Amino acid sequence: MEQPLGSTPDRPTATRATPADRAAVVDTVVAAFATDPAFRYFFPTDADYRRQAPIFAGYLFDRRVGGGSVWIVEGGASVAMWEPPATPAADVALDLPAEVTDRLTAFDRPVRAALPATPFWYLGILATHPAHAGRRWGREVMTAGLREAAAAGLPAYLETATERNVGIYRRAGWRVTAELTSGGLPVWVLAHG
């Protein structure tokens, strides 16, 4: 297979996802977030996770893919799902039980309150399939969205409920702008640009 210009076999270039990439992206997100504190708060039992996390990951993908703000490498082995301010997310139904949507809302409310009122790019999901971890592919897909935000003259924001990720993001140029508790979890909000 021919590599895109600027890529190497070890570091492929990020490309925009299409609806055809959905299954691979969902698989990557579900595998990557299996032990993530926020995802396990949303889907607390293993059975809930197996059944509901793929629905949630597909929902997030479906909301953003049409706006061209989902980047992937290697067919979805790593993915960044961005939400730009100028492109509203698609109106997609979330088919999950009420108690799950209640947990999602409870988690999201304080996070959204910590984000700026001015326009920004939001990195909602950054995931690399565990089988491909350590190759810096996550940085490649994240950087694609950061370039778009910078070109628009806007900052980027994200949140994480994993303290280890804070150091990883800091090394990539992000800075902590807020620390809060959401759903009983510690959450860090970070900005770039």
Side-chain angles (χ1 to χ4, degrees), residues 4 6-7 11-19 21-22 24-26 28-29 32-33 36 38-39 42 56-74 76-92 94 104-105 107-128 136-180 182 185 187-193:
S7 69
R11 189 166 171 220
T13 299
T15 58
R16 292 182 199 272
T18 71
D21 299 308
R22 186 182 197 275
V25 167
V26 167
T28 290
V29 171
F33 283 85
D36 178 77
F39 265 60
F42 305 145
F56 184 55
Y59 163 81
L60 295 173
F61 179 81
D62 293 344
R63 286 180 47 88
R64 295 177 173 114
V65 70
S69 60
V70 177
W71 280 271
I72 60 170
V73 295
E74 293 298 299
S78 191
V79 58
M81 294 190 211
W82 286 88
E83 195 171 300
T87 308
D91 187 20
V92 177
L94 178 57
L104 289 166
T105 300
F107 182 85
D108 194 50
R109 191 175 298 119
V111 170
R112 290 291 169 179
L115 295 170
T118 56
F120 62 91
W121 277 62
Y122 175 70
L123 177 55
I125 293 286
L126 179 63
T128 298
R136 299 178 59 89
W137 291 357
R139 180 157 311 203
E140 184 67 24
V141 292
M142 175 181 63
T143 300
L146 288 174
R147 280 193 297 265
E148 295 278 329
L154 296 173
Y157 281 80
L158 63 81
E159 98 280 335
T160 183
T162 307
E163 187 171 9
R164 178 181 171 272
N165 288 350
V166 174
I168 293 168
Y169 286 122
R170 281 183 168 149
R171 286 190 297 279
W174 296 80
R175 67 188 183 289
V176 174
T177 60
E179 294 182 44
L180 53 106
S182 187
L185 300 171
V187 176
W188 294 266
V189 177
L190 294 96
H192 193 286

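Keep in mind that the numbers below use all heavy atoms, side chains included, and drop hydrogens, waters and symmetry copies. Throughout, residue positions are numbered sequentially from 1 according to the sequence presented. Just so it is clear, the model here is predicted, and its values are computed rather than measured.
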**Prompt:** What's the verdict on side-chain contact (heavy atoms from CB on, under 4.5 Å) for Leu126 and Asn165, showing C-alpha distance, side-chain angles and the deciding distance?
**Reply:** CA-CA 11 Å; Leu126 179 63; Asn165 288 350; over 6 Å; no

[X] versus [Y], closest heavy-atom pair with distance:
{"X": "Arg175", "Y": "Gly193", "answer": "NH1-O, 3.5 Å"}
{"X": "Gly124", "Y": "Arg64", "answer": "CA-NH2, 4.2 Å"}
{"X": "Tyr59", "Y": "Val92", "answer": "CE1-O, 3.1 Å"}
{"X": "Thr128", "Y": "Trp137", "answer": "OG1-C, 4.4 Å"}
{"X": "Val166", "Y": "Val176", "answer": "CG1-CG2, 3.7 Å"}
{"X": "Phe61", "Y": "Thr18", "answer": "CZ-O, 3.3 Å"}

Can you check whether [X] reaches [Y] side chain to side chain, under 4.5 Å on heavy atoms?
{"X": "Leu60", "Y": "Val29", "value": "no"}
{"X": "Trp174", "Y": "Thr160", "value": "no"}
{"X": "Pro155", "Y": "Trp121", "value": "no"}

From [X] [atom1] over to [Y] [atom2], what is the distance, rounded to the nearest 0.5 angstrom?
{"X": "Phe42", "Y": "Phe56", "atom1": "CZ", "atom2": "CZ", "answer": "5.5 Å"}
{"X": "Leu154", "Y": "Thr118", "atom1": "CG", "atom2": "OG1", "answer": "8.0 Å"}
{"X": "Trp71", "Y": "Glu148", "atom1": "CH2", "atom2": "CD", "answer": "4.5 Å"}
{"X": "Asp62", "Y": "Asp91", "atom1": "CG", "atom2": "CG", "answer": "12.0 Å"}
{"X": "Asp21", "Y": "Thr28", "atom1": "CG", "atom2": "OG1", "answer": "10.0 Å"}
{"X": "Thr177", "Y": "Trp188", "atom1": "OG1", "atom2": "CH2", "answer": "13.0 Å"}

**For Thr162, side chain to side chain donor-acceptor pair (under 3.5 Å) partners two or more places apart** =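 So Thr162 forms a side chain to side chain donor-acceptor pair (under 3.5 Å) with Asp36.
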
**Message:** Between His192 (side chain only) and Leu158 (backbone N and O only), is there a donor and an acceptor less than 3.5 Å apart?
**Reply:**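 Answer holds: no.
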
**Message:** Taking the six-membered ring of Tyr122 as reference, does the cationic atom of Arg112 (NZ for Lys, CZ for Arg) lie under 6.0 Å from its centre and within 45° of its axis?
**Reply:**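 Satisfied, under 6.0 Å and within 45°.
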
**Asked** What do you reckon, is CZ of Arg136 surrounded by more than 12 foreign heavy atoms closer than 6.0 Å?
**Response**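 Atom CZ in Arg136 is not crowded, with 12 or fewer foreign heavy atoms closer than 6.0 Å.
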
**Asked** Where do Val141 and Trp82 land on the side-chain contact (heavy atoms from CB on, under 4.5 Å) test, with the steps shown first?
**Response** CA-CA 10 Å; Val141 292; Trp82 286 88; over 6 Å; no

**Prompt:** Who passes salt bridge (charged side-chain N to carboxylate O under 4.0 Å, His left out) against Arg139, sequence neighbours left out?
**Reply:**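 Residues passing salt bridge (charged side-chain N to carboxylate O under 4.0 Å, His left out) with Arg139: none at all.
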
**Item:** Phe120: partners by ring pair (Phe, Tyr, Trp, His ring centres under 6.0 Å), with sequence neighbours left out
**Value:**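 Phe120: ring pair (Phe, Tyr, Trp, His ring centres under 6.0 Å) contacts with Tyr157.
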
